[in-house]
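Computed over heavy atoms, backbone and side chain alike; hydrogens, waters and symmetry mates excluded.
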Amino acid sequence: MSTNSRKPSLFALKMQKRINQQNNLSLEPELCKTSFGDTSVILSGPEASDIHKENVQKLTSMSDEELLNAKNELINSMDGKLIEFLKSKRNNDSKCGKYDLKQKDSNRIKLFDTQNKIKEDKMKQLSYMKDLVNNGLNMDVIEEEKLGWTGDVNVENENKDVYTARFGLDGKLLPYIIENKTTVDGLHHHGEEQHRPGYTIDELYSFLRKNHAPQRILALDVLSKLINNASSYDTVLDQPLLCSLMDSGMFLLLRIALDDTNIAIVTNALKAMGNLFSRKSDRTILTGLSGCNCNIALPVYIVQDAEISQSELEKSSDFDLVVLDLVQGALRTDLILRLQYIVINLNIGSSCLLDITEILTGIASRGEKFAFLVVETNLFKHLYSLVFTNLQSDDLSEMFIFLTRVISSQSVKCALKLLEMKILDSIFKYINNPTKTPLLLECLYLWQTFFEYKLAGQTITEVANLVLKFVDRSVGLSADLTNTDLSLMSASLSLIDSALRNFGQIYIDPVYQLTEIILAKLLSSSDLPNFETSKLIGNCFSVLSSKNLKFNSVSLKAVEYLNKHFGKICEILYDKSWLTSNYVNNSPKCYPSLGYINLSLNGGEPLFMLIGLMKFLCSNPSHFNIPKQFWVYLNKLMKSPIEVSHWYCRYEIIFLIYLLKTLKNVQFDIDSTHKIAITLMSFIPKYMAEEFYYTLTLYFNSYFRESIKYESNFEILKSFYELLIPNIKSTCASVLITELNPILPKDWLFLPILKIHETDNFKSSKEGEALLKEALANILFMETNHPEVCEQTPLAARYCRVACTFMCGRRGTIFHEVKSVLNQIWHVYAAQNNNLNFKDPIQGVESFYDFYKTLCEHYVSVSYSDTVFGAYVLLPLQRKHSVELRKLVWSEIELPQTINIDEEHLDRIPLHNYTQPVETNTELLKMYTRVNSLRRKFIMYRIAISHLNQISRL
């Protein structure tokens with residue numbers, strides 16, 4: 001058994017000291033006069049010296065036995081504390097050590113000094129404690145291990161490149177070290193990295209799990225602020241902060257905190273959970289974009305990974321379900337029931353009600369099922385009565401109206417449920433007594449949501465008068481309209497536009513007249529409009545184009561304005577295009593958001609004016625000039641390799657579609673319209689199925705068929721792309737974020753070949769062969785006439801996709817029928833040989849080595865040394881590519897003697913691309929030595945002989 005090395009306590013040391021004293025009484029040395037000193041250390045005053053001399057004389061006259069008996073008698077008759085006090089008086093006179101330590105303690109410190117440098121450093125840090133030695137009871141021993149926390153922190157001044165993130169009490173990320181940190185900062189702790197300020201996520205979690213209420217409140221408050229600031233730190237943390245919080249199961253800790261009986265803990269937990277569900281950045285942008293182009297659609301935040309069977313979801317634990325889908329995980333914990341209890345039974349303030357409304361909004365945004373679940377709860381009905389009974393014109397009312405708008409946008413079923421609650425009667429009270437513009441705007445957008453579903457038709461008679469009141473009031477103002485006036489007018493016109501589109505004939509001639517007055521005032525400005533003005537101009541044009549009415553005077557002004565400003569607007573679009581912006585979405589998969597782009601709604605944003613203007617000219621055809629700046633902007637889009645699938649890009653796509661329709665109606669140059677259609681093919685999202693069908697029809701127009709000079713009319717290829725159009729679930733008031741993805745990928749030209757190659761039955765069918773021929777003709781047309789579109793896909797990926805043709809068709813011989821097209825495509829790729837790189841990952845190809853091996857095997861089986869096929873096989877054998885590919889070809893004698901090409905292929909890619917520099921791989925050189933055994937001495941023979949000759953000359 002090992003001995004106990006634990007250091008004895010103060011009590012144990014004291015007891016051991018007393019025992020030693022008693023055992024050593026008989027071991028005292030012989031006493032003499034010098035043993036007692038020259039002066040007394042107890043007494044003071046004029047008689048102290050005489051008394052001391054008498055005491056010494058008496059003591060020296062006594063025998064040792066008499067001294068010991070007298071000493072024991074005194075010790076037994078005196079209090080122990082008094083004895084220690086008297087002893088300390090003598091010991092304080094000792095000059096042993098700097099701090100007047102007793103002899104034993106002095107020796108102990110010296111031992112540390114000579115044997116343990118680390119403990120010496122600790123003692124130096126505790127120097128101020130040594131002043132207390134012997135100044136109080138039992139303070140004669142310093143236990144540095146126990147007192148270490150009172151000393152100075154050992155500060156590491158070296159800043160590290162990667163270190164644990166720590167956050168302040170305001171939820172903000174802190175630097176590695178804060179200079180001159182004071183005690184009032186409240187950032188001290190005794191855990192790891194004591195020299196660093198702030199708290200890690202794990203430390204906050206540990207606080208949250210404690211029973212001490214102030215610590216839990218502190219943790220909840222910091223986490224609440226931290227969630228609010230989370231997106232600010234995505235670029236400096238190794239992974240997005242919100243994703244880390246979600247994956248760590250933070251929601252469950254917040255949910256547990258909601259069950260606490262302490263009102264302060266519940267309040268802070270609600271704040272943290274409200275921030276977690278809020279999507280504040282999304283709502284800010286959605287509020288600004290609502291009403292643009294008279295569109296008030298909201299996103300439906302589908303969680304793609306959670307779209308599985310209910311039985312599979314039920315197998316998941318609570319933690320796993322929260323990490324998979326926050327909303328479904330929250331509902332499993334009976335979150336709504338707990339919130340209902342808190343609202344009805346606890347005395348919480350309006351800020352907590354606002355947080356609860358944020359949580360319900362996040363749940364309702366998940367989809368129709370979840371929105372309907374919310375609207376049927378007693379909690380929603382209770383909040384409804386609180387908001388509309390008191391008519392509070394505050395943030396809670398605005399947030400609750402937004403919640404009802406989110407619910408109503410999900411489906412007709414949800415909208416009808418709200419109408420049963422007479423929601424319109426309640427919001428009319430706000431509309432008729434407007435006190436706060438944001439609240440009024442939300443009321444108008446909610447009203448329009450019902451119109452989009454062709455509901456609330458009985459309120460149509462109130463629309464015109466209501467809108468006229470707002471518009472007329474704004475028109476009567478000075479020329480400098482405020483943003484509040486502009487946004488209110490835009491929302492009003494968006495509402496009237498929806499009424500016109502969904503309910504037919506309405507008497508709104510005064511509205512048309514006022515709209516023309518607004519346009520005349522705003523279009524007369526020589527400056528480009530800001531966001532709110534652009535939004536209003538666009539909505540004015542949308543209202544005028546809602547019915548089949550002609551406005552010739554407005555058309556003239558619109559064309560005049562376009563001819564004057566379209567070039568400058570296109571320059572702005574080129575610089576600030578949302579289709580080519582660096583889109584970032586670091587939101588957790590379990591609770592997605594819309595992400596971020598370089599978006600500013602405060603500066604000049606003429607895009608929304610252009611949308612309305614093109615929509616108007618589409619129904620009022622008029623010729624206008626297309627400036628060269630537009631084609632520069634369009635070329636940028638055609639070359640963009642960015643896969644666009646975000647909410648913001650849809651506005652730019654709508655503009656291009658309306659422009660395409662407008663140019664088609666005025667019979668603009670067909671080549672130009674075809675170019676716009678080509679650009680749109682890989683941008684149009686899934687929910688715009690009708691627009692995609694229209695664009696697809698324009699793509700396969702007469703100009704295309706005449707330019708391609710192919711015997712087919714391309715109906716099979718067109719039908720193939722039409723089959724890719726999905727059955728959409730989005731509505732006029734809601735768009736599923738999963739349907740923001742484009743219908744076609746960037747390599748859409750090659751999709752037919754990939755589909756044929758992956759489907760065995762299709763691969764060998766006549767329909768598959770016919771589709772393959774049309775697809776290759778289309779690829780050749782695009783590679784020749786619009787290479788910028790094809791170059792969105794890397795050259796190596798295009799090579800692989802076209803090479804799949806050699807493995808398609810009945811018995812894999814279809815390439816014989818399209819040899820001419822394949823040869824022309826090869827020449828296009830050979831001209832870009834400098835960009836050919838098989839080393840980087842190729843999308844859709846797990847291993848190029850395996851793909852190339854299959855291609856070579858197919859070549860040996862069916863090619864009969866076809867030169868075009870051989871040219872495709874030979875391309876990866878250039879010296880700049882991997883030696884493993886060359887070793888693969890030479891590993892079997894059959895392939896090198898089979899590969900054959902024509903001189904035209906060597907003219908395009910010379911022989912020295914295969915022979916220079918000289919081969920250095922010894923294994924491959926050994927394979928080259930078998931070259932004389934080849935029965936047919938084609939291109940591979942020439943390559944091998946060249947390398948061997950160069951080696952022999954070295």
Side-chain angles (χ1 to χ4, degrees), residues 705 707-714 716-717 720 749-758 762-785 787 790 795-833 836 851-852 854-878 889 894-911 913-914 936 938-940:
R705 292 193 296 269
S707 300
I708 207 167
K709 296 179 181 179
Y710 194 71
E711 63 272 11
S712 173
N713 59 6
F714 291 91
I716 297 177
L717 184 58
F720 171 82
L749 290 169
F750 307 93
L751 276 183
I753 298 178
L754 294 177
K755 185 66 175 178
I756 294 169
H757 180 256
E758 294 169 357
F762 201 27
K763 183 188 299 186
S764 58
S765 65
K766 292 183 178 179
E767 294 80 5
E769 292 181 355
L771 175 61
L772 186 63
K773 293 176 183 178
E774 292 187 1
L776 286 172
N778 186 34
I779 291 171
L780 179 59
F781 169 79
M782 293 295 291
E783 291 280 8
T784 306
N785 295 279
C790 301
L795 183 58
R798 287 144 61 195
Y799 164 87
C800 292
R801 283 151 173 75
V802 173
C804 288
T805 304
F806 295 102
M807 295 177 279
C808 296
R810 287 164 289 180
R811 299 181 301 279
T813 58
I814 184 63
F815 67 88
H816 290 294
E817 302 178 32
V818 291
K819 185 184 298 186
S820 174
V821 177
L822 286 169
N823 194 39
Q824 293 179 69
I825 295 175
W826 183 92
H827 278 278
V828 172
Y829 293 167
Q832 306 171 38
N833 185 50
L836 191 59
F851 173 84
Y852 185 68
T854 304
L855 184 66
C856 290
E857 292 171 350
H858 207 76
Y859 181 83
V860 173
S861 302
V862 302
S863 71
Y864 298 100
S865 296
D866 182 85
T867 56
V868 175
F869 198 166
Y872 277 88
V873 173
L874 195 63
L875 266 181
L877 300 181
Q878 297 176 75
V889 170
E894 186 67 26
L895 194 54
Q897 67 184 10
T898 307
I899 299 176
N900 189 23
I901 61 173
D902 292 328
E903 286 299 321
E904 64 172 298
H905 301 125
L906 279 180
D907 292 340
R908 178 62 70 177
I909 299 183
L911 184 63
N913 282 38
Y914 304 94
R936 289 178 289 185
F938 292 145
I939 184 65
M940 299 304 293

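Remark: side-chain polar atoms of Y799 are paired, donor with acceptor, to backbone N or O of Y872 under 3.5 angstrom. Between the Y852 side chain and the V873 main chain, a donor and an acceptor come within less than 3.5 Å of each other. Under the 3.5 Å distance criterion, the side-chain polar atoms of E774 are left unmatched by any main-chain donor or acceptor of L771. In terms of modelled atom types and a separation under 3.5 Å, the side chain of H827 and the main chain of Q824 share no donor-acceptor contact. Panel note: side chain S865, backbone T898; a donor-acceptor pair is recorded below 3.5 Å. With hydrogens and angles ignored, the 3.5 Å screen pairs a side-chain donor or acceptor of D866 with a backbone N or O of V868.
Under the 30°/60° scheme for interplanar angles, the aromatic rings of F869 and F806 are found to lie parallel.
Annotation for F851 and C800: closest pair CZ-O, 3.4 Å, computed over non-hydrogen atoms. Nearest heavy-atom pair, A777 versus I708, reported as atom, atom and distance to 0.1 Å: O-CD1, 3.3 Å. C790 and R798 make their closest contact through O-CD, 3.4 Å (heavy atoms, listed as atom of the first residue, atom of the second, distance). The two atoms that bring Y859 and G870 nearest to each other are CE1-N, 3.4 Å, heavy atoms only. Smallest separation of non-hydrogen atoms from I909 and Q878: CG2-OE1, 3.7 Å.
We find the CE-CD1 distance between M782 and I825 to be 12.5 Å, quoted to the nearest 0.5 Å. Taken from CG in L874 to CD1 in I899, the straight-line distance is 6.5 Å, to the nearest 0.5 Å. In this structure, CG on L751 lies 9.0 Å from CD on E758, to the nearest 0.5 angstrom. Here CD1 of I716 is found 9.5 Å from NZ of K773. Values are rounded to the nearest 0.5 Å. Between the CG atom of L749 and the CG atom of L754 there is a distance of 11.0 Å, given to the nearest 0.5 Å. To the nearest 0.5 angstrom, I756 atom CD1 is 8.0 Å from T805 atom OG1.
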H905 vs N823, side-chain contact (heavy atoms from CB on, under 4.5 Å): CA-CA, chis, key distance, verdict: CA-CA 9 Å; H905 301 125; N823 194 39; 3.0 Å; yes

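Counting heavy atoms from C-beta on, the side chains of I779 and I753 come closer than 4.5 Å. The closest side-chain heavy-atom distance from I939 to Y914 is not below 4.5 Å. No side-chain heavy atom of R936 sits under 4.5 Å from any side-chain heavy atom of N900.
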